[in-house]
Enquirer: 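Below is one structure. I have some questions about it.
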Amino acid sequence: MIRSLLFFVIFIFWGEIFSQNNGITLIPRPQSIELKDGTFKIDKRTMVYFEPEFEIAGEFLNDFLQNGAGFQLKKTSEKEADLIFKKDVSQPSEGYFLDISDSKITIKASDASGAFYAVQTLRQLLPPELEVPLAPQGGNTSFSVSQLTITDFPKFQYRGMHLDVSRHFFDKEFVKKYIANLALLKMNTFHWHLTDDQGWRIEIKKYPKLTSKGAFREETRIGHYEDKPERYDGKRYGGFYTQEDIKEVVAFAATQNVTIIPEIEMPGHATAAISAYPELGCTGKQIPVATTWGVFDDIFCPKEETFAFLENVLAEVMALFPGEYIHIGGDEAPKLRWKNCAHCRQLIKDKNLKDENGLQSYFIHRIEQFVNSKGKKIIGWDEILEGGLAPNATVMSWRGVQGGIDAATQGNDVIMTPVSHCYFDYYQSENTDEPLAIGGFLPLKKVYSFNPIPHELKVGESQYILGPQANLWTEYIPTEKQAEYMVFPRILALSEVAWTGPSQNFETDYPDFFSRVEGFMKRLDALNINYANYLYEIDGKILKENDRVFYELSTPTKGKEIRYALNGASPTVYTKPFLIEKDSKLTAHVFKDGEKLGRDFSEEIKYHKAITGQISINVQPNPAYAAGGKEALINGIQGSDKRYGDKEWLGFWGDDLEITIDLGEETEVHSIQTRFFNSPGVWIYAPKVINIQILKELKEDALFQATNQFYRTQTKNIVPIEQKFEGARGRYIKLIIKNYGMIPDGLQGAGHKAWTFIDEIIVE
Ligand code: ACM
Ligand code: ZN
């Protein structure tokens, strides 16, 4: 009740700021902010008082000013100070109160975290130029901040960001910068993915070969791992952190109020470890550190020697990381080796386990007991639910939100990081200039729309959702610059979901957020962060009204002009949706004060016979891949050849589909075309058969029909079909599409239902 009242107040205050456009670009948005007239001046004479509990916050502020302005605030007594940090037990955990008046800045918090976040807010109120290191004599020495009052606290206690340093290695200086950027956005957890098939990255004193051998691969795959033929670069690649490096990063993270969760993968993604110590695998054979991407069959064999090894490794890891959590992986462990291993088969019998899934569950339980016995807790990817969940484990739900729902229903804690909204290795723009990515499509807007609490959960269950996390897997991210490009600006959206909470009113919140992103880019520039800039991209949309088709253009930032050209005509300033009456080609650009901004926009509209029709589908598309709604299948626009997550493709998980199009009246039909996405690496398969019918009346039998058995083992992403008809007339069109079925053994996602992705249905 109190919360909802608070939200109401917040909204009014924030709305005011937005309309006044005061240039305040706080991200994440505070829960409530009240602006006043006037400013407060910070300069060399400003004096500070903080209680010892708030030392991290106070020192951060002084380091920040020293770095950017060349001075620090002198420490003094509470009575004399102009900037006061005060303990106030009534403030919520990690929350703070910040008041800036003409004569004083008052910060109140009940814990060190809250004081730290008050400082991050104050930092964002100061000019971005202060982020740039200066010689002590240089720059301004006096800064004005707006008078205001902010009351703020996080929606979620867990606000995480992940980095995979195995597929590509990022040195400790970059990792520190990455962590510092989390602090700026009030994120409190860094998930450090330290081991995988392509490299073991943390020194373990007891097992030196993990890094002397396991940290280096002979070469690296070039291009996408679905590309044929396979090509390799022939260059040895690797690197690792010494324990001293790790200590340095851990100590730095403490100054940023960030907790690190180290991940040591087991039982799968263990190729690098097994290459160093072959006896850890089922076969005992020497294998190389992986040089390509994917899921590998050689996983840890659950022998006593393997458990001893893992416990020794974890003991060293736990001694280095002070946080309460250790991530033990648990994802993507193919059971092939276990099925063929005499020891594994015997163990399944001896322990009365059902099968290899039961063995995986036994494996994770055993590790959990060890970790718990050292006073720490485990986190695992959602596969740890299979075969029975470890009792105290926290689940990271990544394959969707179902794992999170199942875990929360069982009373286990959950971190939400579904591929659909949190995988920052996906493409973020439809522009064809984007650097090669793993696939998918996750634009900023979709991240912003994320709600970590699935609506399926009851009130009492949603408390187990600790918060969201975004992941950066680095198969296709070889450089620091590219890592930043994939993270920024999407992490701004995630930080707002995590701190402020999921948007309650997307139509007003997203434009407000977006306008702050535009302002925030000055700070990202000052911080030398290589962010992706698609602020000046154009979004196009088909609108239909009384059997007429219009095209609407928009660009997300305010105060810009769009100029468009239709079918080669000369460019026109866009004012309102315009009529489309035939196949059309369109180009458009964003302008400000006559200057062209951003990248080119173009669109092709196919004015086919179904464009003014009505469509129905027997099932809803999966909410994660339903951006355009069912209308997207008959709007005249085809989806991207590479990005099935755009607003033209619809995704269905495991469903058989029956799609019906009503053309409005009896119509001659010469051909029907559509396309399916096919990307086995991400569990998307074109169906094997599709039946197409033309009907006069829905209740009657088809007048014309054809069945396509078009599926071959496809290496291409797009599977097109075209069915021609002769002399066919009818009012209704039906497409009956059977899902591919279960994904076969030996492939990624084996044993799971396949996805079906379908694009525009073109009727001519
Ligand atoms: C994962 O993306 N394999 C957790
Ligand atoms: Zn085995």
Side-chain angles (χ1 to χ4, degrees), residues 160-164 166-167 191-198 225 261 263-271 274 277-285 287 290 293-307 309-310 327-351 353 355-356 358-360 362-363 379-386 394-401 403-404 414-426 437-440 442 469-477 681-683 748-750 752:
M161 184 68 212
H162 151 287
L163 179 66
D164 163 16
S166 173
R167 275 55 177 265
H191 172 175
W192 205 355
H193 184 80
L194 287 162
T195 72
D196 215 301
D197 301 302
Q198 296 81 3
Y225 87 127
I261 297 178
E263 179 178 356
I264 306 296
E265 272 268 18
M266 63 191 78
H269 289 294
T271 307
I274 297 171
Y277 296 97
E279 61 274 23
L280 298 171
C282 287
T283 67
K285 286 203 187 100
I287 54 169
W293 321 122
V295 171
F296 296 82
D297 286 330
D298 288 292
I299 68 174
F300 288 123
C301 179
K303 295 178 271 209
E304 283 311 308
E305 299 87 310
T306 308
F307 284 114
F309 164 85
L310 290 170
H327 200 305
I328 49 79
D331 62 320
E332 298 180 321
K335 303 301 185 299
L336 185 71
R337 293 284 183 268
W338 288 3
K339 281 186 181 147
N340 296 323
C341 169
H343 167 78
C344 290
R345 285 205 302 264
Q346 190 60 43
L347 191 59
I348 289 174
K349 269 202 205 120
D350 291 350
K351 300 288 174 191
L353 304 170
D355 54 13
E356 289 76 21
L359 186 52
Q360 158 128 354
Y362 166 82
F363 193 115
I379 298 184
W381 300 108
D382 58 45
E383 284 93 331
I384 67 169
L385 281 150
E386 290 162 12
T394 297
V395 170
M396 259 185 193
S397 191
W398 74 279
R399 290 176 296 179
V401 295
V414 172
I415 293 152
M416 278 297 186
T417 178
V419 285
S420 58
H421 291 79
C422 297
Y423 269 46
F424 288 1
D425 55 341
Y426 281 21
I438 194 161
L442 176 57
Q469 170 174 299
N471 296 334
L472 193 70
W473 300 101
T474 59
E475 287 93 333
Y476 301 99
I477 303 177
V682 287
W683 310 9
Q748 289 214 36
H752 291 274

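Numbering of residues begins at 1 and proceeds along the displayed sequence. What you see is a predicted model, and the numbers here were worked out from it, not measured in a lab. Both counts, for ligands and for their atoms, begin at 1 and track the order of listing.
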Enquirer: Could you check atom 2 (O) of ligand 1 against the protein and tell me its nearest heavy-atom contact, residue, atom and distance included?
Expert: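 Nearest neighbour among protein heavy atoms for atom 2 (O) of ligand 1, to 0.1 Å: Tyr423 OH, 2.6 Å.
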
Enquirer: With only distance considered, is Trp381 within less than 3.5 Å of ligand 1 through an N or O on each side?
Expert: no

Enquirer: Would you give the length of the straight line joining atom CG of Leu359 to atom SG of Cys344, rounded to the nearest 0.5 angstrom?
Expert: 5.5 Å

Enquirer: Can the ring centroids of Trp473 and His162 be said to lie less than 6.0 angstrom from one another?
Expert: yes

Enquirer: Quick check, are the ring centers of Trp381 and His191 under 6.0 angstrom apart?
Expert: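 Aromatic pair counts; centres sit under 6.0 Å.
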
Enquirer: Aromatic rings Trp338 and Phe363: how do their planes relate, parallel, tilted or perpendicular, breaks at 30° and 60°?
Expert: parallel

Enquirer: For ligand 1, note which part of Glu332 has a heavy atom under 4.0 Å away: side chain, backbone, both or neither.
Expert: side chain

Enquirer: Nearest 0.5 angstrom please: Leu353 CG to Arg345 CZ, how far?
Expert: 14.5 Å

Enquirer: N/O/S of Cys341 less than 2.8 Å from the Zn ion (ligand 2)?
Expert: yes

Enquirer: Taking 4.0 angstrom as the limit and counting only heavy atoms of Trp473, give me the atoms of ligand 1 inside it, by number and element.
Expert: 1 (C), 2 (O), 4 (C)

Enquirer: Between Asp331 and ligand 1, does any nitrogen or oxygen pair lie at a separation below 3.5 Å?
Expert: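 Between Asp331 and ligand 1 (N or O atoms, distance only) the closest approach is under 3.5 Å.
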
